[in-house]
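Comments concern the structure below.
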Amino acid sequence: MGTLIGVIIVLFVLGSMMALKPNGIDQRLDKLRMTARRLQLNPKLVACPDWIKGRDNEYGRGMLGQYCLILEETKLPHTRYQVIDGQWRPDSSFVDTSDDAKTLHIPSAIRSTQSSNNVTVKKTDFSLDKAPLELPVSIEPFVKGLVTKANSIIIYWEDIAYVRPNSNPTYHQQRIEADLLVLKANLEKWAIQIQKDVKG
């Protein structure tokens with residue numbers, strides 16, 4: 001009888017320990033985000049912004065990975081882009097309110113303005129309009145949006161889908177760093193393009 005009780009206690013303790021161990025998906029996601037952090041992509045899990053189609057293709061639904069690259073000595077306009085058919089498309093509904101409460105700004109690569117009643121209106125930024133994502137096939141289907149502001153460029157994507165076997169059957173742990181390096185290089189390239197168009 002004492003042996004049976006001992007076996008039950010051991011099984012109970014082992015079961016409790018197994019319940020505390022993260023599952024495979026969580027371990028993969030942790031590895032992805034730790035690698036992104038090491039590459040200075042500053043990953044965070046955030047609520048889906050209301051201008052991005054999230055879970056079930058509904059705006060603002062679910063959670064997304066937000067990866068932010070800070071570019072020192074870079075000045076970017078405040079812009080937003082969505083992914084449509086594998087290309088960046090500007091979010092035409094985006095309006096940026098400046099510090100000056102009397103002035104309303106819509107970011108512009110065209111730089112033309114119209115003024116009336118202390119309101120400045122610019123056309124939406126088109127620097128990346130119709131630019132292809134050109135990201136690894138294991139990342140591209142999960143990318144949802146892009147934001148630039150001040151000295152940072154931020155990409156929103158379903159990073160958990162990247163590590164799930166049913167949504168990314170080609171996942172391989174050894175590819176994480178290479179995929180994230182391509183993502184980082186593209187973020188730098190897009191930031192340079194936006195900055196060049198604004199200066200031009």
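This structure is a prediction, so every number in the text was calculated from the model and none was measured.
Distance CG/Leu133 to CG/Leu146: 8.5 Å, rounded to 0.5 Å. Separation of atoms CG (Leu64) and CD (Glu158) is listed at 6.0 Å; rounding is to 0.5 Å. Note that CE of Met63 and CG of Asp159 are 10.5 Å apart. Values are rounded to the nearest 0.5 Å. To the nearest 0.5 Å, atom CG of residue Leu69 and atom CG of residue Asn42 are 7.5 Å apart. Here the straight-line distance linking atom CZ of Arg33 with atom CG of Leu45 works out to 5.0 Å at 0.5 Å rounding. Put simply, OG on Ser152 and CG on Leu71 are 8.0 Å apart, with the number rounded to the nearest 0.5 Å.
Contact of the Phe142 side chain with the Ile160 side chain is not registered, since no non-hydrogen atoms from C-beta on lie closer than 4.5 Å. For the pair Tyr59/Lys53, a side-chain contact is recorded, criterion being any heavy-atom separation below 4.5 Å from C-beta on. Residues Gln195 and Thr148 have side chains not in contact (no heavy-atom distance under 4.5 Å, counting atoms from C-beta outward). The side-chain heavy atoms of Val83 and Glu140, taken from C-beta on, include no pair separated by under 4.5 Å. At a threshold of 4.5 Å between non-hydrogen side-chain atoms, the residues Tyr171 and Pro165 do not count as touching.
Between Arg89 and Asp129 the shortest heavy-atom distance is NE-OD1, 2.5 Å. Between Trp51 and Tyr81, the shortest heavy-atom contact is CZ3-O, 3.3 Å. Scanning all heavy atoms of the two residues, the minimum distance from Tyr162 to Asn168 falls at O-ND2, 2.7 Å. The two residues Ala36 and Pro43 make their nearest non-hydrogen contact at CB-CG, 3.9 Å. When all heavy atoms of Leu128 and Gln193 are compared, the closest pair comes out as CD2-CG, 3.9 Å. Ile70 approaches Glu72 most closely through the heavy-atom pair CG2-OE2, 3.7 Å.
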Item to check | Residue pair Lys144, Trp157: steps toward the side-chain contact (heavy atoms from CB on, under 4.5 Å) verdict | outcome: CA-CA 5 Å; Lys144 301 291 186 175; Trp157 68 301; 5.6 Å; no
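Hydrophobic clustering of Ile, Leu, Val, Met, Phe, Trp and Tyr side chains at less than 4.5 Å, counting indirect connections, keeps Ile154 apart from Ile192. In the hydrophobic clustering of this structure, Ile155 groups with Ile176; members are Ile, Leu, Val, Met, Phe, Trp, Tyr whose side-chain heavy atoms approach within less than 4.5 Å, directly or through other members. Grouping the Ile, Leu, Val, Met, Phe, Trp and Tyr side chains by contacts below 4.5 angstrom, directly or via other members, places Leu41 with Leu181. By the rule that hydrophobic residues join a cluster once side-chain heavy atoms approach within less than 4.5 Å of another member, Leu29 and Met34 end up as members of separate clusters. Taking hydrophobic clusters as Ile, Leu, Val, Met, Phe, Trp and Tyr residues chained together by side-chain heavy-atom distances below 4.5 Å, Trp88 shares a cluster with Ile153.
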Which donor-acceptor pairs under 3.5 Å do the side chains of residues 183-191 make with protein atoms, sequence neighbours left out?
{"residue": "Lys184", "atom": "NZ", "partner": "Leu39", "partner atom": "O", "Å": "3.0"}
{"residue": "Asn186", "atom": "OD1", "partner": "Lys189", "partner atom": "NZ", "Å": "3.4"}
{"residue": "Asn186", "atom": "ND2", "partner": "Glu134", "partner atom": "O", "Å": "3.4"}
{"residue": "Asn186", "atom": "ND2", "partner": "Val182", "partner atom": "O", "Å": "2.9"}
{"residue": "Lys189", "atom": "NZ", "partner": "Glu134", "partner atom": "OE1", "Å": "3.0"}

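Side-chain atoms of Arg80 never come within 3.5 Å of backbone atoms of Asp91 as a donor-acceptor pair (strictly under, hydrogens ignored).
Every residue two or more places apart in sequence or in another chain that forms a side-chain contact (heavy atoms from CB on, under 4.5 Å) with Glu58 is listed here: Asp56, Arg61.
Atom CD of Gln174 has more than 12 neighbouring heavy atoms from other residues, nucleotides or ligands inside a 6.0 Å radius.
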